[in-house]
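Notes to accompany the following structure.
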Amino acid sequence: MRSGRTKVKRRIYLRPKHMKNARYSIEACPNPVDSCHSALFIDNSPVAGFGVFAQATIKPGTFVCEYSGEFLDEDEAVFREDNVYSLNSDFYLFFVDYKRKTYAIDPTVGDETKWGKAKYINHSRLNPNCEVHRVIVNNRPHLAIISIRQIDEGEELKFDYGDTAVDCDWLRNT
């Protein structure tokens, strides 16, 4: 991590400690951007800004949605972070290591109709109900959000962001 970065709100790192390698493929999903589980909606969140909520009960082990966006190499992602998004705290770079390189998935530009709802899923280290699985499709990592317990109707979806560029209380205590 680079020192001196304090403006980053949602720089997420998927590292081996937090990553699961999925044993199945999301290719079977007809439209992974919209997700296989269509019963999701975006609303105001008590955690932070917007959040993603279940419209119906979601069973444990369900593929909920894909964290999708532009697929960037690390240089482009860091450039955007430092030069394009530096004045905006609402961006959603998700960094992932694959084949000894770091990439980022960036759904910042565009809304849920372009990239899906996953960019609005909030963090919880203490009580997550989802986790991220890396799925390799056509030699490229994709990030699948999987439920790890039953998620009740109206409940907000949350996963542990893992390592982030900002060390702050809300990341440790939620």
Side-chain angles (χ1 to χ4, degrees), residues 1-2 5 8-40 42 51-52 54 58-86 88 90-125 128-149 151 157-166 171:
M1 286 193 303
R2 294 158 175 44
R5 294 178 188 242
V8 180
K9 183 176 181 184
R10 294 204 183 199
R11 185 181 204 195
I12 307 169
Y13 290 90
L14 189 60
R15 299 292 186 215
K17 163 177 156 180
H18 297 95
M19 181 176 48
K20 307 290 183 184
N21 284 308
R23 294 188 182 111
Y24 47 86
S25 172
I26 60 172
E27 289 178 295
C29 182
N31 189 355
V33 170
D34 289 335
S35 87
C36 286
H37 203 288
S38 61
L40 302 175
I42 297 170
V52 177
I58 300 172
K59 295 178 182 179
T62 299
F63 168 66
V64 178
C65 58
E66 179 180 355
Y67 193 98
S68 57
E70 285 185 81
F71 186 70
L72 309 173
D73 65 26
E74 183 177 27
D75 290 340
E76 175 64 20
V78 170
F79 174 82
R80 286 185 186 190
E81 183 178 57
D82 290 342
N83 299 291
V84 180
Y85 303 143
S86 62
N88 179 4
D90 290 328
F91 63 94
Y92 308 86
L93 293 171
F94 200 134
F95 288 79
V96 59
D97 291 334
Y98 176 63
K99 291 190 174 182
R100 299 182 185 176
K101 292 184 180 179
T102 300
Y103 299 94
I105 296 180
D106 182 7
T108 302
V109 179
D111 61 14
E112 66 274 6
T113 60
K114 182 172 183 176
W115 297 123
K117 298 174 177 80
K119 76 177 186 179
Y120 298 109
I121 298 176
N122 282 309
H123 166 78
S124 178
R125 180 158 290 153
N129 52 21
C130 296
E131 63 187 10
V132 180
H133 291 230
R134 182 178 66 180
V135 180
I136 307 305
V137 178
N138 295 327
N139 205 31
R140 194 193 115 196
H142 290 254
L143 303 175
I145 310 296
I146 308 295
S147 60
I148 57 174
R149 62 168 176 78
I151 302 171
L157 279 63
K158 296 178 247 172
F159 67 87
D160 183 352
Y161 286 3
D163 300 325
T164 63
V166 177
L171 285 171

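Computed from a prediction, not measured in an experiment: that's the story for all the values here.
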Subject >> side-chain contact (heavy atoms from CB on, under 4.5 Å) evaluation trace for Ile146 with Thr62 >> reply: CA-CA 5 Å; Ile146 308 295; Thr62 299; over 6 Å; no
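- With hydrogens and angles ignored, the 3.5 Å screen pairs no side-chain donor or acceptor of Asn129 with any backbone N or O of Arg149.
- Taking all atoms of both residues into account, the shortest heavy-atom contact from Ile121 to Phe159 is CG2-CD2, 3.5 Å.
- Summarising the geometry, atom OG belonging to Ser124 is positioned 11.5 Å from atom CG belonging to Leu157; distances are rounded to the nearest 0.5 Å.
- Rounding to the nearest 0.5 angstrom, the gap separating the CD1 atom in Ile151 from the NZ atom in Lys59 is 13.5 Å.
- Expressed to the nearest 0.5 Å, how far CG of Asp160 lies from CD1 of Ile148 amounts to 9.0 Å.
- Here the CG atom belonging to Leu143 is positioned 10.5 Å from the SG atom belonging to Cys65, to the nearest 0.5 angstrom.
- Of all non-hydrogen atoms in Ala118 and Glu66, the two that sit nearest each other are CB-O, 3.5 Å.
- Taking each heavy atom of Tyr161 and His123 in turn, the nearest pair found is N-ND1, 3.0 Å.
- Residues satisfying the side-chain hydrogen bond (donor to acceptor under 3.5 Å, both in side chains) criterion with Lys99, sequence neighbours excluded, are Asn139.
- Nearest approach of Ala104 to Leu93, heavy atoms of both residues: CB-CD2, 4.5 Å.
- Looking at residues two or more places apart in sequence or on another chain, you find a side chain to side chain contact (heavy atoms under 4.5 Å, CB included) between Pro141 and Phe71, Val96, Tyr98, Arg134, Ile136.
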**OP:** Take Asn138 and Arg140 through the side-chain contact (heavy atoms from CB on, under 4.5 Å) test and state the conclusion after the steps.
**Re:** CA-CA 6 Å; Asn138 295 327; Arg140 194 193 115 196; 5.6 Å; no
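- Remark: Ile145 CD1 to Phe63 CZ distance equals 8.5 Å, nearest 0.5 Å.
- By the side chain to side chain contact (heavy atoms under 4.5 Å, CB included) test, Phe79 pairs with Glu76, Asn83, Val84, sequence neighbours left out.
- For the pair Tyr67 and Lys119, the minimum side-chain heavy-atom distance is below 4.5 Å.
- Using a 4.5 Å heavy-atom threshold, the side chains of Leu72 and Ile105 count as separate.
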